[in-house]
Amino acid sequence: MPELPEVQTIVNDLNKKVKGLQILDAWTDWPKYFRRSGGFEAFLKAVKGRKIFKVWRLGKNIIFDLSAGKKMLIHQKMTGHMLVGDWKMKGKTWVPKERGPLNDRINGYIHVMFWLSGGPSGKVGASKMMGLSDLRKFAKILVADERSFQNLEDIKYIGPDPLESSFKFSEFKSLIGKKRGPIKKILMDQNVVSGIGNIYADDILFTARIHPLKKVEKLNDKESKAIFEAVKKILKKAVKLRGTSTSDYRDTAGRMGKYTEARLVYQREGEKCPRKNGVIKRIKIGGRSAHFCPACQKL
DNA sequence: TGCAGTGTTGCTTC
DNA sequence: CGAAGCAACACTGC
């Protein structure tokens with residue numbers, strides 16, 4: 001479940017591993033991903049031969065700035081993650097050059113592969129390959145020209161990034177002030193603040209001592225401020241620990257995130273709360289599970 | 001064995 | 001019109 005910290009970890013990895021490389025070729029066994037790009041062939045034509053200038057994050061989206069004014073967007077949705085490794089060709093297929101991400105069972109769901117600067121159609125020898133592992137095939141991939149990119153519905157309404165230093169409490173307050181309903185739902189609304197999903201919303205609200213069902217319109221200034229501070233604190237910590245791997249998420253080398261052990265309440269139903277106040281409870285909010293401590297978090 | 005649960009987003013329905 | 005429900009898909013656990 002890549003949320004902001006997981007996407008940031010992958011973006012950081014990609015800037016180390018594939019920035020400056022050229023896309024030589026691509027492959028997929030799930031052409032459905034590319035319907036919006038006019039099919040896989042059209043997508044391939046748009047990205048083939050392009051150099052990767054830089055990789056950055058927009059909410060939970062990974063953006064590749066390519067040469068010739070192209071931008072490639074990848075949203076990993078629930079089970080997607082990008083893997084990068086050195087590989088070699090064996091017959092018509094690619095195999096890991098050494099023990100790498102593909103040896104890990106959870107990463108054996110690569111449905112899109114990019115060959116970078118020296119793949120099967122390039123020179124024999126050194127070759128980077130960048131794969132999208134995506135067990136449930138929910139991911140989104142598209143390529144656009146610089147001009148049309150800004151106007152894509154996919155990103156047009158994305159809210160401010162909570163880790164930007166320009167993101168201040170006054171802005172947060174005014175954004176949530178326009179909404180009503182359970183605070184947990186509002187925190188996960190990508191058009192309010194971008195990047196927060198189920199894992200971090202639960203831990204943020206525990207940190208701020210706010211009940212996930214608390215109505216956003218009932219929050220006082222002190223409570224809103226506590227949530228704002230917790231957003232920054234938890235997300236920063238999770239980036240430092242390279243994300244959470246309670247499920248499929250892995251970094252580009254196939255390694256798990258270490259926030260998994262640092263989790264406060266997410267998927268800890270029945271355990272004693274980290275403040276030793278109560279037992280963590282799970283409820284449903286808008287069809288999703290929310291974990292909280294009934295003793296620490298009051299309505 | 002079958003079905004609920006998993007969580008992100010966008011589309012459909014009320 | 002906004003909110004709720006469901007579909008996209010595949011695997012796990014009870």
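Numbers restart at 1 for each chain; the letters A, B, ... are given by sequence-line order, proteins then strands.
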Kindly give the atom pairs (protein nitrogen or oxygen, nucleotide nitrogen or oxygen) under 3.5 Å for nucleotides 10-12 of chain B.
residue: dG10(B); atom: OP1; partner: Lys140(A); partner atom: NZ; Å: 3.3

Practice item. Measure centre to centre between the rings of Phe228(A) and Phe167(A), then say whether the value is under 6.0 Å. Key: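 Here the rings of Phe167(A) and Phe228(A) have centres that are less than 6.0 Å from each other.
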
Which value, in whole Å, describes the distance between the [atom1] atoms of nucleotides [N] and [M]?
{"N": "dG7(B)", "M": "dG2(C)", "atom1": "P", "value": "27 Å"}
{"N": "dT9(B)", "M": "dC1(C)", "atom1": "P", "value": "24 Å"}
{"N": "dT1(B)", "M": "dC9(C)", "atom1": "P", "value": "25 Å"}
{"N": "dC6(C)", "M": "dC3(B)", "atom1": "P", "value": "16 Å"}

Review point. Between Arg57(A), Arg250(A), Arg242(A), which is the residue that forms a salt bridge (Lys or Arg N to Asp or Glu O under 4.0 Å) with Asp13(A)?
Key: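 Going through Arg57(A), Arg250(A), Arg242(A) one by one, the salt bridge (Lys or Arg N to Asp or Glu O under 4.0 Å) with Asp13(A) is satisfied by Arg242(A) alone.
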
Exercise for review: Please map the stems of DNA chain B, keeping only stretches of three or more Watson-Crick or G-U wobble pairs with both distances under 3.5 angstrom.
Suggested key: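 So the stems come out as B:2-6 with C:10-14, B:8-14 with C:2-8.
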
For [X] and [N], what is the distance between atoms [atom1] and [atom2] respectively, to the nearest whole Å?
{"X": "Phe138(A)", "N": "dT6(B)", "atom1": "CZ", "atom2": "P", "result": "14 Å"}
{"X": "His81(A)", "N": "dA10(C)", "atom1": "NE2", "atom2": "P", "result": "16 Å"}
{"X": "Lys137(A)", "N": "dT6(B)", "atom1": "NZ", "atom2": "P", "result": "23 Å"}
{"X": "Met188(A)", "N": "dT9(B)", "atom1": "CE", "atom2": "P", "result": "10 Å"}
{"X": "Asp134(A)", "N": "dT9(B)", "atom1": "CG", "atom2": "P", "result": "13 Å"}
{"X": "Leu132(A)", "N": "dA10(C)", "atom1": "CG", "atom2": "P", "result": "14 Å"}
{"X": "Leu187(A)", "N": "dT8(B)", "atom1": "CG", "atom2": "C1'", "result": "16 Å"}
{"X": "Arg36(A)", "N": "dA8(C)", "atom1": "CZ", "atom2": "C1'", "result": "15 Å"}

Counting N and O atoms only, with roles assigned by atom type, does the side chain of [X] sit under 3.5 Å from a partner on the main chain of [Y], one being a donor and the other an acceptor?
{"X": "Ser289(A)", "Y": "Arg282(A)", "value": "no"}
{"X": "Glu6(A)", "Y": "Gly243(A)", "value": "no"}
{"X": "Asp161(A)", "Y": "Leu163(A)", "value": "yes"}

Is [X] near enough to [N] that one of its side-chain N or O atoms lies under 4.0 angstrom from OP1 or OP2?
{"X": "Thr79(A)", "N": "dC11(C)", "value": "no"}
{"X": "Lys284(A)", "N": "dT6(B)", "value": "yes"}
{"X": "His75(A)", "N": "dT9(B)", "value": "yes"}
{"X": "Tyr266(A)", "N": "dG7(B)", "value": "yes"}

Salt-bridge criterion met for [X] and [Y] (N-O under 4.0 Å):
{"X": "Arg263(A)", "Y": "Asp203(A)", "answer": "no"}
{"X": "Glu146(A)", "Y": "Lys70(A)", "answer": "no"}
{"X": "Lys184(A)", "Y": "Asp202(A)", "answer": "yes"}

From the set [options], return the single nucleotide nearest to any side-chain atom of [X].
{"X": "Gln267(A)", "options": "dC9(C), dT9(B), dT6(B)", "value": "dT6(B)"}
{"X": "Glu3(A)", "options": "dT6(B), dC9(C), dT8(B)", "value": "dT8(B)"}
{"X": "Leu135(A)", "options": "dT9(B), dT6(B), dC11(C)", "value": "dC11(C)"}

**Study point:** Same apolar cluster (I L V M F W Y, side chains within < 4.5 Å links), Ile52(A)/Phe149(A)
**Key:**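 Per the 4.5 Å side-chain linkage, Ile52(A) and Phe149(A) are not co-clustered.
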
Review point. Are side-chain N/O atoms of Asp134(A) and His111(A) paired as donor and acceptor at under 3.5 Å?
Key: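 Per modelled atom types, Asp134(A) and His111(A) side chains form no pair under 3.5 Å.
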
Review point. Is any side-chain heavy atom of Val55(A) less than 4.5 Å from a side-chain heavy atom of Ile63(A)?
Key: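 In short, these two side chains do not touch, never coming nearer than 4.5 Å.
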
Review point. Under 4.0 angstrom, heavy atoms only, what part of the nucleic acid is Gln190(A) near: base, sugar-phosphate, or nothing?
Key: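 If one applies the 4.0 Å heavy-atom cut-off, Gln190(A) turns out to touch the sugar-phosphate alone, with no base involved.
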
Exercise for review: Look at all strands and tell whether Thr246(A) reaches a base, only sugar-phosphate, or nothing, counting heavy atoms closer than 4.0 Å.
Suggested key: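 No contact at all - Thr246(A) keeps every heavy atom at 4.0 Å or more from the nucleic acid.
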
Review point. Counting only heavy atoms not in Lys140(A), do more than 12 sit closer than 6.0 Å to its NZ atom?
Key: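 Yes, because the 6.0 Å sphere around NZ of Lys140(A) holds more than 12 heavy atoms from other groups.
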
Under 3.5 Å between N/O atoms: give me all the protein pairs with nucleotides 1-4 of chain C, atom names plus distance.
residue: dA4(C); atom: OP2; partner: Lys185(A); partner atom: NZ; Å: 3.2

Point to revise | Distance, nearest 0.5 Å, that separates CZ of Phe43(A) from OH of Tyr33(A) | key: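 Atom-to-atom, Phe43(A):CZ and Tyr33(A):OH are 11.5 Å apart.
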
